> 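Below you will find the structure I want to go over with you.
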Number of protein chains: 2
Amino acid sequence: MAAARGRAGSATIEDVARAAGVSRAAVSKVIRDAYGVSPAMRERVTAAIEQLGYRPRVSARGMRGKTFTLGIEIPELSNPFFPLLLAGATAALSGSPYQLVIAPADPAHHEGYRAIQALVDRQVDGVIAVSPLVEPAWLTELSATVPVVMLGRHDRADGYDTVVSDDEAGALLVMRHLLGLGHRDIAHLTGESAEPDPGSGIPQAIRLRAYCTAMREAGLGDRIRIASTPDVTANAHRAAMRLLAGAERPTAIVACHDEPALGVLRAVADAGLTADEVSVAGYDGIDIAAHPGISLTTVRQDGERMGRLAVELLLERIDGRTEPRHEVVRPELVVRSSTRPPHHR
Amino acid sequence: MAAARGRAGSATIEDVARAAGVSRAAVSKVIRDAYGVSPAMRERVTAAIEQLGYRPRVSARGMRGKTFTLGIEIPELSNPFFPLLLAGATAALSGSPYQLVIAPADPAHHEGYRAIQALVDRQVDGVIAVSPLVEPAWLTELSATVPVVMLGRHDRADGYDTVVSDDEAGALLVMRHLLGLGHRDIAHLTGESAEPDPGSGIPQAIRLRAYCTAMREAGLGDRIRIASTPDVTANAHRAAMRLLAGAERPTAIVACHDEPALGVLRAVADAGLTADEVSVAGYDGIDIAAHPGISLTTVRQDGERMGRLAVELLLERIDGRTEPRHEVVRPELVVRSSTRPPHHR
DNA sequence: CTGAAAGCGCTAACAT
DNA sequence: ATGTTAGCGCTTTCAG
């Protein structure tokens, strides 16, 4: 908290130079600690900087070179998984000269593009995109201008790096668990976006496909039951209610994320049922799932690791790497009391 | 998603001017739609911009004037209350030319200063600070340079605006509720930072004081029981366990936030107790509190409104207002099944 | 209504 | 080792 003597933020490199009786270039060199400054000069300049409360303007710096700013675009911060990513990213950056800035993007309005563009307009040195909805082609184009790491999509492109969780493996983990418990009527609750394009790189789509595969391989192809709704998180409760009220009530419901799974749990309770009648599983491994009042079986994704990896890849790119890298992290099944053997009526 | 013909991001205002056969100044005017451009020229310029996929560099623009960027500093995004603020802030900004960027700050390391400074270095047009730990004096100094709105602290200063929830009223709401139910042994769980300086503007400190006041006014001054720990969110469970194991077990525990309250609930369950033996109340009104598996009595703060207000005040300041404004929003008690009349042994 | 030109604060050659 | 200088891309007087 160095005290600023002059009006904070007003001093320029010129002022510092004058105060120290040196040239602007000298000050610049001291700031960036570039080659060719005598200890004596460094001392004088440092003192002047301190005394004037001088801070280099990043915008001005950005005009010639880098801004030492990394941008990350994030949809719906309300999803507790994303803070994990950020924690990892921030941790990976601590000690480095880079600052992370987050641009929130409302996924409902195709805001991903807008937010990423806003970041690029602000001359960030690299972009991490978390939006599952921006098109790979667009990102490829973008990556010609600025290094890009896409988080959580399975499509690969040469222009940018990716960090994903192995969603297929994760989804199979839950399915094997439920099938192992003896469930046969397993329904899957997912977002609308997963449906139309099963080949897309969206995690939900991958998980949906894995669900279908697992069902078919267990000889339960005819019992596949998919409930899909726009904005699953908001509508999970209603969708689950419909599922539970129907003639052939499933004995287990697998949700594409933990948050919708919470809605499903609520629906189960509201329908006067318990985990003995209907098992529920989620996906993500958010903290609250471990709470005894919830106790949700889920697949934990190591969000912190993913965030850290994303930053590392980005820094490598900024450092000059050109061959694309694609990191896959392994999810892990966490069994809790929301999933039990099916009750035989 | 206007297709960029040239290499994205490479076109400058100069290129556009050349392509449209006009001067740079003309293009600039069109961009900012300033006074004095003929429809014909506007058309030509717009076409050129479109065709070249031109995007103005915000840094360059920032060198002369504004960056149309608002910065918000937020500690621990994992706290589900903060996304609400962001939602409100983002909503208030939609349609405006401003872009919101978030700088995450680890509260553990005095990062508030660093994050806010990073924002200012990047020439944001205004700053919203959520850190309860940055010193008012520092903010006052800062506000000489850039408009500042402080969110969630009760100290007032002339340099900057504030938006706070009425924490005293909120805390009294819970206390009155519990006392009304018949509780007499009510303990309060809070963070260490609330303790030392009861007169500070930190919300937890205000709530702590209100708790004490309410107890005393009910003639229960000698039963005041404060459990305070560093990093309450992480240590709530342990602290609650100690409280529950002690000789004089409280019949109710009030936590300074919902997240610690979740830990308390877990402790109650782990100790083999129920809401009939120990009532628990939180503060914030996070979504999960409404879940039947949790059902936590709490005080809801309208985070969305607070975020919106903060942005509005900031925009007013940017627009030239100089008299300080201090907005107070009223919290609201939400009673759920975690609080019940005390069990008489 | 349009254009020429002077910077904004900084970095990076290029001298010295 | 230090200083000079030419821009980076944009906005903004100020003339035409």
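Since the model is a prediction, treat every value here as computed from it, not as a measurement. To find a chain, count down the sequence lines: A is the first, B the second, and so on, and within it residues start at 1.
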> With a cut-off of less than 4.0 Å, is there a side-chain N or O of B/Ser38 near OP1 or OP2 of C/dT2?
yes

> Identify which nucleotide among C/dA12, C/dT2, C/dA5 has an atom closest to any side-chain atom of A/Arg64, counting heavy atoms from C-beta outward.
C/dA12

> Report yes if at least one side-chain N or O of A/Ser28 is closer than 4.0 Å to OP1 or OP2 of C/dT11; otherwise report no.
yes

> Check the distance between C/dC1's P and B/Arg24's CZ and give it to me in whole angstrom.
22 Å

> A/Gly65 near the nucleic acid: base, sugar-phosphate alone, or nothing, with a heavy-atom cut-off under 4.0 Å?
nothing

> Round to the nearest Å and state the distance from A/Ile49 atom CD1 to C/dG9 atom P.
16 Å

> What is the distance, rounded to the nearest whole Å, between atom CD of B/Glu43 and atom C1' of C/dC1?
17 Å

> Distance only, no hydrogens: is a donor on one side chain within 3.5 Å (strictly under) of an acceptor on the other, for A/Ser28 and A/Arg24?
no

> Once you measure the plane-to-plane angle for B/Phe68 and B/Tyr98, does it fall in the parallel (<30°), tilted (30-60°) or perpendicular (>60°) bin?
tilted

> With heavy atoms under 4.0 Å as the rule, sort A/Thr12 into base, sugar-phosphate or nothing.
sugar-phosphate

> What is the distance, rounded to the nearest whole Å, between atom CZ of B/Arg61 and atom P of C/dG7?
22 Å

> A/Lys29 has an atom NZ; how far is it from atom C1' of C/dA12, in whole Å?
9 Å

> Can you measure A/Asp15 atom CG to C/dC8 atom P for me and round it to whole angstrom units?
11 Å

> Please tell me whether B/Arg122 and A/Thr69 have a donor and an acceptor in their side chains that are separated by less than 3.5 angstrom.
yes

> Of all heavy-atom pairs between B/Pro147 and B/Arg317, which one has the smallest distance, and what is that distance?
CB-CB, 3.7 Å

> Please compare B/Ala25 and B/Ala60 by the position of their nearest nucleotide in DNA chain D and report the one closer to 5'.
B/Ala60

> From CD1 of B/Ile13 over to P of C/dG3, roughly how many Å is that when rounded to an integer?
13 Å

> Verify side-chain contact (heavy atoms from CB on, under 4.5 Å) between B/Ile128 and B/Leu85, making sure each step is shown before the conclusion.
CA-CA 11 Å; B/Ile128 300 174; B/Leu85 295 177; over 6 Å; no

> Quick check for you: name the first and last nucleotides of DNA chain D, 5' to 3', having an atom under 4.0 Å from a heavy atom of chain A.
D/dA1 to D/dG9

> Please report the distance, rounded to the nearest Å, between CZ in B/Arg57 and C1' in C/dC10.
17 Å

> On DNA chain C, does the nearest nucleotide to B/Gly21 precede the nearest nucleotide to B/Met63 from the 5' side, or the other way round? Give the residue.
B/Gly21

> Ignoring backbone atoms, establish whether A/Tyr54 has a side-chain N or O less than 4.0 Å from OP1 or OP2 of C/dC10.
yes

> For A/Arg305, look at atom CZ and say whether over 12 heavy atoms of other residues, nucleotides or ligands are found less than 6.0 Å away.
no

> More than 12 non-hydrogen atoms from neighbouring residues, nucleotides or ligands closer than 6.0 Å to CZ on A/Arg114, yes or no?
yes

